[in-house]
Visitor: 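Below you'll find the structure I mean.
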Amino acid sequence: MFEQHSPVLPIILPLIAAPICILLGRSQLAWLFATFISALGFGISIGLMLTTLDQGVLSYSLGGWEPPWGIEVRVDAASALVLCVVTGISSLVLVYAKESIAKEIDSSQHTLYYTAHLLCLAGLSGILSTGDAFNLFVFLEISSLATYTLVSLASDKRCLTAAFRYLIMGTIGATFILIGVGMMYMKTGTLNMLDLAARISEYDSSRTLNTGLAFILVGVSIKLALFPLHMWLPPAYTHAPSAVSAFLASTATKVAVYVMVRFIFTIYGAEYVFHTMGMDTILLVLAIVAIFKCSFMATVQSNVKTVLAYSSVAQIGYMILGISLVSTLGLTAGLLHIFNHALMKGALFMAVGAVLLRTGSVDIKAFQGLGKQMPLTMAAFTIAGLSIIGVPLTAGFVSKWYLVTAALEQQEWTVAFLVLAGSLLAIIYVGRILEAAYFKNPAEGTTYKEAPLLMLIPLWILVFANIYFGIDTSMSVGAADTAAQWLTQPSSSPATALSVNMGGATQ
Amino acid sequence: MTELIDLVLLGMLAITALRIIFLKDLFAVVMLFGIYSFLSALIFVNLDAVDVAFTEASVGAGISTVLMLGTLALTGRKEKTNNHTTFLPLLVVVITGAALIYGTLDMPPFGDPDNPAQQHVAPRYIQDSPQEIGLPNMVTSVLASYRGFDTLGETAVVFAAAIGVLSLLGLPKHEKAAIESGLKSHLVLRVVAKLIVPLTLLFALYVQFHGDYGPGGGFQAGVIAAAAIILYALVFGLPMATHVIQPTLLKALAAIGVLIYAGTGFASFFLGGNFLDYNVLASDPVAGQHIGIILIELGVGVTVFAAMLSIFYAFAGQAERANIQ
Amino acid sequence: MSFIVDYYNYWIVVFLMMAGFYIVISANNLVKKIVGLNIFQTSVFMLYISIGNVSGGSAPIVADGITRYSNPLPHVLILTAIVVGVATTSVGLALIVRIKRAYGTVEENEFEDKDDLI
């Protein structure tokens with residue numbers, strides 16, 4: 001009987017599980033329950049993905065009110081793909097979190113941690129599945145508030161200033177999005193995304209709509225940490241508890257990239273954004289600067305979590321680069337990189353969290369000699385690191401391959417060259433850590449045990465995923481390709497889709 | 001006439017905002033912010049948004065100001081002078097403002113009934129909601145039914161805020177306090193508070209259940225009820241208040257409110273409707289809508305009351321701790 | 001003249017928004033930043049309510065003899081946004097209280113010096 005409700009379940013399951021977690025009280029129970037719910041959400045998301053690849057869009061009218069009067073949940077291949085990433089990483093992180101937070105978060109806060117994690121998951125799933133522009137803002141704020149809480153749970157006092165800065169920047173971003181949505185509503189009288197698309201296309205160009213788009217893009221760029229609005233990200237990911245960094249780095253910014261894709265391709269239409277307003281050049285330049293500036297920043301940090309955080313900003317540059325190429329292939333590459341980067345960054349942050357657990361430090365010095373002492377953790381770190389660089393047979397290679405192909409398809413030789421050059425910087429920042437781990441001797445008289453099994457299992461699942469999706473690309477590329485086709489085909493917006501849509505819950 | 005009042009109020013807002021920029025005394029800044037909030041509530045009334053005005057007055061001028069004052073008590077009331085360069089922020093603001101002004105040049109005229117915003121989706125709410133939902137207050141109809149999913153999200157946001165504040169500050173321990181706190185020695189305050197607290201609670205109940213017919217609803221009711229207990233805590237001291245309503249109970253209540261709301265949605269599942277489809281809750285759709293709206297407003301009210309009060313407890317507990325030390 | 005009558009409301013609201021925005025990004029004191037954030041958001045709420053205003057309309061509560069109502073939809077959106085705003089404010093203020101305890105100050109330039117904020 002739940003079949004027909006499946007589009008809305010990934011949102012409401014964690015949403016209802018969060019308060020139950022509080023009522024359960026005991027942290028063990030909360031952990032089991034949260035992991036179970038998250039895994040259930042993952043299962044449903046995979047089901048959604050298979051259905052969308054097979055049948056196209058799923059629409060669900062909340063409250064039984066047909067859109068645009070009611071709120072619609074709308075899952076297509078793009079949302080289902082990112083939904084799978086988010087729920088999957090969330091489940092693995094929750095398994096991992098039990099051992100990881102034991103040392104990093106005060107034991108009285110563990111239940112609150114699981115509750116906040118579930119709220120964040122609910123918010124992210126909501127952003128991904130909603131078909132309503134204002135509803136997106138509401139879910140954005142649920143996930144953001146939960147995120148600020150998660151970041152501030154660490155025991156290091158610097159997490160507080162990091163969380164505060166994140167809160168100020170994030171709220172400014174959300175308010176910008178609110179302004180943009182208001183301007184869109186002012187000109188169109190609707191909030192439903194498809195309906196907006198149909199009504200915006202009636203205007204050739206309108207100052208109010210242009211300004212609205214500009215505010216939305218700036219707001220979303222803050223949320224996805226696009227250079228130069230990324231300043232909140234490195235401190236937040238550095239000082240947050242490791243499990244939180246692993247979760248956020250592989251989901252939160254990706255969801256924001258998805259929001260950008262949604263607004264550009266579904267609502268305004270690529271034609272309007274890229275040709276009428278010329279956003280493609282701006283995004284392309286920012287993306288390339290992000291790749292080089294932040295990859296360079298990553299090579300000079302001594303804190304390994306900061307290295308990974310800057311690397312994240314650089315990798316977001318690759319995703320935006322794919323989008324700014326204005327082609328189906330470019331968009332495919334961008335979406336694919338959302339998927340692949342989640343696998344690598346999740347694994348890297350998990351490995352660093354394991355090192356933090358055993359050595360009590362994430363400084364690059366703490367990694368000296370760990371290659372022998374924590375062989376499994378460091379092997380995982382190495383493979384995920386190779387994936388970040390883009391070595392063949394890893395998922396990272398597939399992303400880079402598609403990015404370069406997309407650039408070449410547009411005759412953008414320089415861009416293709418810059419993508420490859422960016423990888424050289426990745427070799428340096430990953431290489432420095434690997435050098436410390438394998439070629440330096442540990443400090444005198446220190447021996448560390450291998451990480452506990454509950455941390456190694458999710459870590460290695462991600463590592464295997466990195467290899468698997470580096471070899472068998474049919475699944476990931478297929479999904480990204482279908483999603484990109486859907487987003488770029490002109491008829492995915494106005495008329496045809498809206499008529500499907502009027503059927504409401506019948507699908 | 002409306003335009004004239006609007007203009008005067010906007011002018012007062014502008015003066016208040018400018019004053020806040022230059023003031024260094026944070027106590028005055030927060031007080032001016034309270035005034036700003038009240039003035040905007042007046043603007044909302046003037047522009048016919050009575051529900052919004054009600055909420056802004058109780059939240060912006062009420063809860064937010066109380067929390068800001070509580071923070072100031074712990075952090076000090078003077079802003080230090082700094083030699084920050086003000087050029088860059090000014091530049092950013094001027095550019096953003098210019099972009100917005102550019103955007104306004106193409107906006108539909110203010111107040112024109114033919115504006116697109118008034119045309120497409122909204123007419124159905126105005127014309128059909130009294131029949132479809134059966135409530136005279138269209139805002140409640142849209143809030144609780146047509147856009148009920150937003151409101152579920154809003155309840156979750158309040159819950160998330162409570163979780164955040166609890167994880168940061170913790171709840172005060174429920175114990176008989178060693179030190180005398182509150183303003184108990186003021187006879188007048190004590191007598192007045194005893195009179196006002198029950199009346200405020202009664203008013204909260206009225207707002208909760210009358211929201212279908214007039215301005216009000218679960219959110220406003222929750223805030224007003226929380227305000228009553230906050231007044232009680234201020235006059236009789238936090239330990240007395242935590243004795244009457246225990247912090248752990250509040251934590252559970254905040255969770256239960258969300259569960260009531262989401263549970264109503266699940267009930268629709270099992271009765272064969274979509275999530276939050278109240279039509280199926282009774283044999284007659286309008287009666288079903290009525291049941292659904294009462295239930296979810298109750299959920300909102302419970303969560304907001306519990307979350308706001310526990311947030312206040314958390315701040316007050318910190319102040320109490322600082323006093324002891 | 002009609003140009004000004006049509007738009008004066010939006011312009012003043014934009015001014016208010018920018019005043020709030022300026023406070024957020026220029027203030028050194030964290031409490032003042034939060035005050036600025038609230039002013040910024042409250043002014044955005046005014047923009048929305050202005051969108052829904054219909055001159056000669058009445059509050060959207062059914063009453064006899066009234067034919068023209070203001071648009072209820074922006075009111076609903078802003079009710080939600082106000083709640084979101086107070087939620088953010090309370091978490092932000094709680095962070096400030098903790099920052100004060102950990103750093104002994106709530107002035108941004110003072111803890112940046114002591115700290116390796118990246």
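What you see is a predicted model; the values in this text were computed from it and never measured.
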Visitor: Can you tell which part of L95(C) gets under 4.5 Å to a heavy atom of chain B, answering side chain, backbone, both or neither?
Guide: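 Both backbone and side chain of L95(C) come within 4.5 Å of chain B.
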
Visitor: Taking every heavy-atom pair that is under 4.5 Å apart, which of V86(C), L93(C), V14(C) has the most such pairs with chain B?
Guide: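 Counting heavy-atom pairs under 4.5 Å, the top option is L93(C).
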
Visitor: I'd like to verify something: which residue of V29(B), T71(B), V157(B) has the highest number of heavy-atom pairs under 4.5 Å with chain C?
Guide: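 The answer is T71(B).
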
Visitor: What option among I101(B), D51(B), I43(B), I311(B) has the most heavy-atom pairs under 4.5 Å with chain C?
Guide: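 The option with the most such pairs is I101(B).
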
Visitor: Within this structure, what is the CG-CZ distance for the pair L73(C) and R147(B), rounded to the nearest 0.5 Å?
Guide: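 Reported value, rounded in 0.5 Å steps: 6.0 Å.
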
Visitor: Heavy-atom distance under 4.5 Å to chain B: side chain of V91(C), backbone, both or neither?
Guide: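 Interface part for V91(C): both.
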
Visitor: Ignoring hydrogens and angles, tell me if any N or O in the side chain of T303(B) forms a donor-acceptor pair with the backbone of V300(B) under 3.5 Å.
Guide: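 Not a single qualifying donor-acceptor pair exists.
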
Visitor: So, does Y36(B) use its side chain to make a donor-acceptor pair with the main chain of G60(B) at under 3.5 Å?
Guide: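 No, the answer is negative, given that no donor and acceptor are paired below the 3.5 Å cut-off.
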
Visitor: Give, for atom CE of M68(B) and atom CD1 of I96(C), the distance between the pair rounded to the nearest 0.5 Å.
Guide: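 Here the rounded value is 9.0 Å.
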
Visitor: Among V106(C), L16(C), I23(C), which residue forms the greatest number of heavy-atom pairs with chain B at distances under 4.5 Å?
Guide: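 Winner by heavy-atom pair count: L16(C).
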
Visitor: Specify which of V30(B), L32(B), L90(B) makes the most heavy-atom pairs with chain C at under 4.5 Å.
Guide: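 It is L90(B).
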
Visitor: Check whether any side-chain N or O of N29(C) sits under 3.5 Å from a backbone N or O of V31(C) as a donor-acceptor pair, and report yes or no.
Guide: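 Yes; at least one donor-acceptor contact below 3.5 Å.
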
Visitor: Non-hydrogen atoms of chain B under 4.5 Å away: do they reach the side chain of V35(C), the backbone, both or neither?
Guide: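 Contact with chain B is through both the backbone and side chain of V35(C).
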
Visitor: Evaluate D150(B) against T80(C) for side chain to side chain donor-acceptor pair (under 3.5 Å), listing each step before the verdict.
Guide: CA-CA 7 Å; D150(B) 266 354; T80(C) 308; 5.1 Å; no

Visitor: Just by modelled atom types, is the N38(C) backbone N or O under 3.5 Å from a matching donor or acceptor in the T42(C) side chain?
Guide: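 Confirmed, T42(C) side chain pairs with N38(C) backbone.
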
Visitor: Does any backbone or side-chain atom of P123(B) lie under 4.5 Å from a heavy atom of chain C? Answer side chain, backbone, both or neither.
Guide: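 Neither the backbone nor the side chain of P123(B) comes within 4.5 Å of chain C.
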
Visitor: Is F15(C) in contact with chain B via its backbone, its side chain, both, or neither, using a 4.5 Å heavy-atom distance?
Guide: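 Side chain of F15(C) only, per the 4.5 Å heavy-atom cut-off to chain B.
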
Visitor: Please tell me if the side chains of L74(B) and K100(C) come closer than 4.5 Å, counting only heavy atoms from C-beta onward.
Guide: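 No - every pair of side-chain heavy atoms lies 4.5 Å or more apart.
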
Visitor: Using non-hydrogen atoms only, which part of S167(B) is less than 4.5 Å away from chain C: side chain, backbone, both, or neither?
Guide: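 For S167(B), backbone heavy atoms alone lie under 4.5 Å from chain C.
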
Visitor: Roughly how far, to the nearest 0.5 Å, is the OG atom of S141(B) from the CD atom of Q131(B)?
Guide: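 Answer rounded to 0.5 Å: 10.5 Å.
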
Visitor: Heavy-atom pairs under 4.5 Å with chain B: which of I34(C), V62(C), V84(C) has the most?
Guide: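 Max contact count across the listed options: V62(C).
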
Visitor: Could you have a look at L100(B), L10(B), V142(B), T55(B) and say which one has the most heavy-atom pairs with chain C under 4.5 angstrom?
Guide: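 Looking at each option in turn, the highest pair count goes to L10(B).
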
Visitor: Counting only non-hydrogen atoms closer than 4.5 Å, does I12(C) touch chain B with its backbone (N, CA, C, O), its side chain (CB onward), both, or neither?
Guide: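 Contact with chain B: side chain only.
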
Visitor: What part of Y8(C) gets within 4.5 angstrom of chain B, counting heavy atoms only: side chain, backbone, both, or neither?
Guide: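 Side chain of Y8(C) only, per the 4.5 Å heavy-atom cut-off to chain B.
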
Visitor: Heavy-atom distance under 4.5 Å to chain B: side chain of I51(C), backbone, both or neither?
Guide: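 Both parts, backbone and side chain.
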
Visitor: By a 4.5 Å heavy-atom criterion (distance strictly below it), what part of I78(C) contacts chain B: side chain, backbone, both, or neither?
Guide: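 The answer is the side chain of I78(C).
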
Visitor: May I ask you to name which of G92(C), P74(C), A81(C), A59(C) has the most heavy-atom pairs under 4.5 Å with chain B?
Guide: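 If we count pairs closer than 4.5 Å to chain B, A59(C) comes out on top.
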
Visitor: So V223(B) and F219(B), side chain to side chain contact (heavy atoms under 4.5 Å, CB included) or not? Walk me through it.
Guide: CA-CA 6 Å; V223(B) 171; F219(B) 185 74; 4.0 Å; yes

Visitor: In Å and rounded to the nearest 0.5 Å, what is the CD to OG1 distance from Q318(B) to T75(B)?
Guide: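 These two atoms lie 12.0 Å from each other.
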
Visitor: Select, from I21(B), D114(B), V158(B), V45(B), the one with the greatest count of heavy-atom pairs under 4.5 Å involving chain C.
Guide: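 The residue among I21(B), D114(B), V158(B), V45(B) with the greatest pair count is I21(B).
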
Visitor: Where the side chain of N71(C) meets the backbone of A117(B), is there a donor-acceptor pair that is under 3.5 Å apart?
Guide: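 Yes, because the side chain of N71(C) sits within donor-acceptor range (under 3.5 Å) of the backbone of A117(B).
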
Visitor: Can you tell me which portion of T89(C) sits under 4.5 Å from chain B's heavy atoms? Options are side chain, backbone, both or neither.
Guide: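 Answer is side chain: those atoms of T89(C) sit under 4.5 Å from chain B.
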
Visitor: Mind ranking T151(B), I163(B), T104(B), L67(B) by heavy-atom pairs under 4.5 Å with chain C and telling me who comes out on top?
Guide: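 When all of T151(B), I163(B), T104(B), L67(B) are compared, T104(B) has the most.
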
